[in-house]
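Here is the structure we will look at.
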Amino acid sequence: MLCYSLNFFIHPLIIFTVGQIVNWVEGLEVVLLVYGIWSPGLLQSIPLSGPGFDVALEEVNSVYSNNKTFQMRRVYISSKEVAGCGDTGAYFDQISDYYYRSTGNCSPCLYILVNLGCGDPPMFAQLGREWSMLAISAGTASFNIRNRLLYPTTISTCPFQYRPYMVMFRKLCELFNWRTVAYVYDTSRTLPFPLQLYDLFTSFIRLNATDIRLQLFPIPVAPSDVIIDESLRKILQVSRIIFLSGTPVLIRQIMVEAFKQNKTSGEYVWITVDLPEQAVGPVIYYRNDSNDEIALQAFPSLLQLMLCYDRNADADRQLKSHFKRKAEAFYGYKYPENRQPTEFTTSSYIIVKMIADILNRSIVQGFDYFDGQILAQHFLNYSYDAGPIGAIYVDSYGERQTKICLSTFNETERFFQRALFHSHTQESLQLIPEVPLQWRTADNQPPPDTPFCGFRGDDQRCGPISINTIVGASASAGLLLMACVLGLSMRCLHRSDTFSHLDQWWLLNESCLGVRTHSNMW
């Protein structure tokens with residue numbers, strides 16, 4: 001029996017199934033129930049992530065379906081009302097509706113939930129737990145996934161994790177002995193990440209009883225240069241280590257104003273904290289305006305903290321070209337010339353490959369793969385070689401761990417290059433010898449977080465010197481001077497008396513001569 005590509009829609013749910021020509025066999029059928037957003041405005045949306053599923057399904061079925069082990073397919077369940085992150089949690093009943101209506105007709109089917117929404121809504125975990133079904137969170141991740149009591153069947157393969165940012169923040173502060181730092185963040189909500197990072201920073205400081213003092217500075221919507229100038233003056237009164245998070249336009253605006261204030265010297269550290277892929281584009285110095293030259297001079301003082309991935313460039317380029325063809329053929333989405341498939345597309349590809357690998361091993365070893373909790377446990381502490389996109393690791397909490405890098409701006413090539421990174425394989429930060437960090441200080445060492453005399457010049461190493469201190473010091477100095485003068489005067493008098501008798505050295509004392517007085521003679 002042959003299965004051909006199908007496109008069909010059922011109202012009010014949209015059940016969109018795409019397959020490829022494969023030999024259907026009697027036996028296990030793995031069905032991915034994918035719930036997500038259809039609008040391509042979000043990176044994890046179905047039109048952008050879906051091609052990853054399709055390419056991987058072709059590869060997996062060419063191996064496991066043809067050798068009669070199992071076959072895989074996927075079904076998208078969504079409605080037109082699911083237009084953004086705020087809608088995904090409100091329509092989870094569509095998953096249960098499909099599950100109870102359609103899954104009873106396929107006894108040899110293994111169903112796996114995949115969420116392409118935002119975060120980890122409790123309902124998603126509850127469905128997986130109650131149905132004893134493996135549930136994969138492939139949209140944006142959160143710390144909730146790490147609670148194995150609440151999420152016993154859930155795994156997160158999201159390419160963007162927040163935990164590495166906190167680990168890197170702590171390790172940077174420890175390595176460079178930074179204790180007073182500032183966080184400057186965008187409040188426009190153009191990007192959700194700056195406010196999410198705000199929650200992470202404040203939670204980290206509160207829960208870890210750290211001695212790091214974090215100063216928070218929100219930047220209003222569409223700030224003028226005057227507002228940025230005033231904000232920077234306040235910020236630099238309390239910190240020289242500044243973490244930034246915002247739109248690329250805002251980051252550039254801040255750096256331009258910092259340069260104008262002469263605050264991009266080696267005394268200051270500017271670190272922009274970003275996600276690898278943002279809908280508004282990367283942080284760049286040029287905007288084809290009058291500030292391009294100023295920004296180019298300011299950016300060498302800017303470091304970038306961001307998740308990073310190891311890729312085989314040629315193989316990755318070929319894979320993403322395949323994704324683009326699928327996106328246009330099956331989803332009607334044509335990528336602009338300057339845009340490539342994102343890490344969410346790659347993550348969808350990884351999901352299928354990992355499931356196939358673990359399921360095959362479970363079958364060979366005789367595990368009960370219909371038990372979602374047992375199947376989920378096989379993902380814990382699991383490393384998978386995904387070929388052109390490198391090795392993928394899921395930790396003991398069920399969350400994919402990604403390398404995070406600190407990059408420096410290459411003035412010659414005019415882009416950010418990795419200089420330091422942290423990964424799950426090593427506890428300490430790893431330097432990249434080919435790209436040393438340039439601190440722009442006299443000794444090329446990381447600057448301290450506070451000036452030598454403090455931000456107000458009142459550090460005890462430098463003062464303060466009060467009037468009383470000056471008077472007391474002057475009085476002490478005066479008394480000491482008088483004592484010295486008196487001592488010298490007495491010394492001089494003594495020496496003068498001594499030398500006045502030197503010209504009679506030849507005279508003998510009467511007692512030495514034994515001369516008798518008149519009284520003794522009688």
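Residues take their numbers from the sequence shown, with the count starting at 1. Below, all heavy atoms of this structure are taken into account, side chains as well, without hydrogens, waters or symmetry copies. All values reported here derive from a predicted model rather than from experimental measurement.
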Q: Quick one: do Trp38 and Tyr333 satisfy ring-ring contact (aromatic ring centres under 6.0 Å, His included)? Show the steps, please.
A: CA-CA 11 Å; Trp38 278 98; Tyr333 180 80; over 10 Å; no

State whether the side chain of [X] and the backbone N or O of [Y] hold a donor-acceptor pair below 3.5 Å, judged by distance alone.
X      : Y      : answer
Ser137 : Ser156 : no
Ser347 : Thr157 : yes
Thr441 : Asn444 : yes
Thr202 : Asp199 : yes
Arg189 : Leu195 : no
Tyr162 : Gln196 : no
Gln161 : Cys158 : yes
Lys263 : Arg233 : no
Thr153 : Met133 : yes
Asn291 : Ile294 : no

Rounded to the nearest 0.5 Å, what separates atom [atom1] in [X] from atom [atom2] in [Y]?
X      : Y      : atom1 : atom2 : result
Ile227 : Gln253 : CD1   : CD    : 9.0 Å
Ile112 : Ile155 : CD1   : CD1   : 11.0 Å
Leu406 : Leu303 : CG    : CG    : 5.0 Å

Salt bridge check: are [X] and [Y] linked by an N-O gap of less than 4.0 Å?
X      : Y      : result
Arg213 : Asp449 : no
Glu399 : Arg163 : no
Asp357 : Lys353 : no
Glu174 : Arg170 : yes
Lys403 : Asp310 : yes
Arg311 : Glu343 : yes

Q.
Using 30° and 60° as the class boundaries, would you call the ring planes of Phe409 and Tyr285 parallel, tilted or perpendicular?
A. perpendicular

Q: Quick one: sort the Tyr382 and Tyr384 rings into parallel, tilted or perpendicular, breaks at 30° and 60°.
A: parallel

Q) Please walk me through it: do Thr272 and Gln304 pass side-chain hydrogen bond (donor to acceptor under 3.5 Å, both in side chains)? A) CA-CA 5 Å; Thr272 176; Gln304 185 175 54; 5.3 Å; no

If every non-hydrogen atom of [X] is compared with every non-hydrogen atom of [Y], which pair is closest and at what distance?
X      : Y      : answer
Ala138 : Pro159 : O-CD, 4.4 Å
Leu48  : Thr345 : O-OG1, 2.6 Å
Ser45  : Pro40  : OG-CA, 3.3 Å
Ala258 : Leu232 : N-CD1, 3.5 Å
Ile228 : Pro223 : CD1-CG, 3.7 Å
Tyr183 : Ser245 : OH-CB, 3.3 Å

Q) Would Arg148 and Tyr397 count as a side-chain hydrogen bond (donor to acceptor under 3.5 Å, both in side chains) if you check the C-alpha gap in whole Å, the side-chain angles of each, and the deciding distance to 0.1 Å? A) CA-CA 7 Å; Arg148 301 309 299 168; Tyr397 294 95; over 6 Å; no

Q: Report the C-alpha distance between Asp292 and Arg252 in whole Å, list the side-chain angles of each, state the deciding distance to 0.1 Å, and finish with yes or no for salt bridge (charged side-chain N to carboxylate O under 4.0 Å, His left out).
A: CA-CA 9 Å; Asp292 280 356; Arg252 178 180 181 268; 2.7 Å; yes

(Q) Apply side-chain hydrogen bond (donor to acceptor under 3.5 Å, both in side chains) to residues Tyr309 and Asp316 and explain how you reach the verdict. (A) CA-CA 11 Å; Tyr309 308 90; Asp316 183 58; over 6 Å; no

Q.
Please determine whether ring-ring contact (aromatic ring centres under 6.0 Å, His included) holds for the pair Phe92 and Tyr35, giving the CA-CA distance in whole Å, both sets of side-chain angles, and the decisive distance to 0.1 Å.
A. CA-CA 8 Å; Phe92 266 112; Tyr35 176 79; 5.0 Å; yes

Between [X] and [Y], does the ring centre distance come in under 6.0 Å?
X      : Y      : answer
Phe169 : Phe243 : yes
Phe160 : Phe344 : yes
Phe259 : Phe299 : no

Q: Verify the neighbour count for atom CZ of Phe415: are there more than 12 heavy atoms of other residues, nucleotides or ligands below 6.0 Å?
A: yes

Q: State, yes or no, whether a side-chain contact exists between Lys326 and Val55 at a heavy-atom distance under 4.5 Å.
A: yes

Q.
Walk me through whether Arg440 and Glu411 qualify under salt bridge (charged side-chain N to carboxylate O under 4.0 Å, His left out).
A. CA-CA 13 Å; Arg440 304 172 72 84; Glu411 297 183 58; 3.7 Å; yes

Q.
Is there a side-chain hydrogen bond (donor to acceptor under 3.5 Å, both in side chains) between Thr342 and Gln340? Walk through the geometry before answering.
A. CA-CA 6 Å; Thr342 71; Gln340 295 293 324; over 6 Å; no

(Q) Let's go through Asp54 and Arg74 carefully: what are the C-alpha distance in whole Å and the side-chain angles of both, what is the deciding distance for salt bridge (charged side-chain N to carboxylate O under 4.0 Å, His left out) to 0.1 Å, and is it a yes or a no? (A) CA-CA 9 Å; Asp54 299 332; Arg74 53 104 182 103; 2.5 Å; yes

